[in-house]
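Here is the structure we will look at.
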There are 2 protein chains.
Amino acid sequence: MTQATPTPTQSAGFGFPLVRRTGYLLNKAGSILMEDAERALAEQGMRLRYFYVLAALESDLSLSQQDLSRLLHLDPTTMVALVDEMERAGQVERRRNPSDRRRYILRLTDDGRAALERAGRAVDAVERDFLAAVPAEDRERLRALLGELLAGRWPRVIACE
Amino acid sequence: MTQATPTPTQSAGFGFPLVRRTGYLLNKAGSILMEDAERALAEQGMRLRYFYVLAALESDLSLSQQDLSRLLHLDPTTMVALVDEMERAGQVERRRNPSDRRRYILRLTDDGRAALERAGRAVDAVERDFLAAVPAEDRERLRALLGELLAGRWPRVIACE
DNA sequence: TATTGTTATACTCTATAACTATA
DNA sequence: TATAGTTATAGAGTATAACAATA
């Protein structure tokens, strides 16, 4: 130890001006939660972005790849590789959209649905752990508040049947 | 237009199961805010991570590079390049720590302090815009809630004088 | 002429390992 | 032996541009 002061090691929460910024806290909370979820999903060979794709397809909106990339804020070229992998893993099917043959309609397979449920349980557990520090009433308030803040910022999706 | 259904374009908020997850909302809110801030800061040749470093050094804790990297969750090797750039820009100084000559003590210069203030105003504006959708009382509640959730997760920092 | 999906490519970011100087 | 800072390098992730098929 090479400390010259009596209180060398301190929690960062005190004199660190960023922690008084809601923006920084939001950022930090989001990235911590993401990392925790990524770690939990890795145990089942799953990744957060696969989980997002599976969850988006569960809504059964007949989404194309570009719909997905807009929805999940991922580059369309990234989405190609993503869907490639998931198709190879047997979790997703590409079908041509008969009313617009440029587009696919992506569908969950049974395996995909099973993987989604398993992953969902892991992500649930991570969120529960993270939110356990505050009472249930505050957890619900937080969710509602975030919903309001993001209400105007969801991408528009073209979903055709 | 190639739609076959009467309601082709829809907001994603409705049948998209992820938006009911606090974790997804937190993640999304954090990344939206980060992108907005990055865009605003780019206009003054600033970046969010530079701003974070400047803000961390404002606290005057005699932080070393590794303290900073732990605090901001950036790799120590990334921090080297970061501080290099900021030193070249005249915003930060490296001084050797006399009580441990392996470590630096990083200090803000006057230019760094000015850049911090300018950037702080831009980030303030971005946060204000983002949070404007809810009343002031809810904004404060959100900040307090996030603070509680993150309370146990700040890294320990060795700050020597 | 515009759009979906695709490929190739470049660019950025991050992570790993090895080195030096100090402890 | 361990740590702070550094460098070089590899890897992952992302963005850009061009192309074929379809609208």
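Numbered from 1 within each chain, the chains take letters A, B, ... in sequence-line order.
Considering CG of B/Leu33 and OG1 of A/Thr22, their distance stands at 9.0 Å, rounded to 0.5 Å. Taking CG from B/Leu108 and CG from B/Leu57, the interatomic distance works out to 5.0 Å, rounded to the nearest 0.5 Å. Separation of atoms CG (A/Leu63) and CG (A/Leu68) is listed at 5.5 Å; rounding is to 0.5 Å.
Between A/Tyr24 and B/Tyr52, the two ring planes are perpendicular [angle over 60°; tilted spans 30° to 60°].
A/Gln65 comes within 4.0 angstrom of the backbone, heavy atoms only, and of no base.
Here C/dT7 is the nucleotide among C/dT7, D/dT22, D/dG5 with the atom lying nearest to any side-chain atom of A/Asp84. Nearest to the side chain of B/Arg102, among D/dT6, D/dA4, D/dA21, sits D/dA4. Side chain of B/Arg94, nearest nucleotide from D/dT6, C/dT3, D/dG5: D/dT6.
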Open item on the list: Does the protein touch nucleotides 8-14 of chain D at the base, only the backbone, or not at all? Give it as B, S and - per nucleotide, heavy atoms under 4.0 Å.
Closed with: -----SS
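In the helix from C/dT1-D/dA23 to C/dA23-D/dT1, the terminal helix axes, each the rotation mapping four pairs' C1' atoms onto the next four within five end pairs, subtend 0°, rounded to 10°.
Regarding A/Leu63, its CG atom lies at a distance of 16 Å from the C1' atom of C/dG5, rounded to whole Å. Straight-line distance from the OH atom of A/Tyr104 to the P atom of D/dA23: 13 Å, rounded to whole Å. Rounded to an integer number of Å, the gap from B/Leu82 CG to C/dC13 P is 10 Å. Whole-Å rounding puts the A/Arg103 CZ to C/dT6 C1' distance at 16 Å. B/Met79 places its CE atom 10 Å from the P atom of D/dG5, with the value rounded to the nearest Å. Taking atom CD of A/Glu35 as the reference point, atom P of C/dT14 lies 11 Å away to the nearest angstrom. A/Asn97 has its CG atom 12 Å from the P atom of C/dT4, to the nearest Å. As a whole-Å value, the separation of A/Asp67 CG from C/dT4 P is 8 Å.
The stretch residues 23-32 of chain B does not touch DNA chain D, since none of its heavy atoms comes less than 4.0 Å from the strand.
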Throw together a table of side-chain donor-acceptor distances under 3.5 angstrom for residues 120-138 of chain A, partners on residues two or more places apart or in other chains.
unit_1	atom_1	unit_2	atom_2	d
A/Asp124	OD1	B/Arg21	NH1	2.8
A/Asp124	OD1	B/Arg21	NH2	3.3
A/Glu127	OE2	B/Gly23	N	3.4

What donor-acceptor contacts under 3.5 angstrom involve side-chain atoms of residues 109-118 of chain B, with partners at least two apart or in another chain?
unit_1	atom_1	unit_2	atom_2	d
B/Thr109	OG1	B/Gly90	O	2.5
B/Thr109	OG1	B/Gln91	O	3.3
B/Thr109	OG1	B/Asp111	N	3.4
B/Thr109	OG1	B/Gly112	N	3.0

Please tabulate, for the side chains in residues 36-51 of chain A, all donor-acceptor contacts under 3.5 angstrom to protein atoms that are two or more places apart in sequence or on a different chain.
unit_1	atom_1	unit_2	atom_2	d
A/Asp36	OD1	A/Arg39	NH2	2.8
A/Asp36	OD1	B/Arg153	NH2	3.4
A/Asp36	OD2	B/Arg153	NH1	3.2
A/Asp36	OD2	B/Arg153	NH2	3.1
A/Glu38	OE2	A/Leu48	N	2.8
A/Gln44	OE1	A/Ala119	N	3.3
A/Tyr50	OH	A/Glu85	OE1	2.4

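The two atoms that bring A/Gly147 and B/Leu25 nearest to each other are N-CD1, 4.2 Å, heavy atoms only. Scanning both residues, A/Met79 and A/Leu72, for their nearest heavy atoms gives CE-CD1, 4.5 Å.
No side-chain heavy atom of B/Ile105 sits under 4.5 Å from any side-chain heavy atom of B/Arg96.
Classification of A/Asp84 and A/Arg94 as a salt-bridged pair holds, one side-chain N sitting under 4.0 Å from a carboxylate O.
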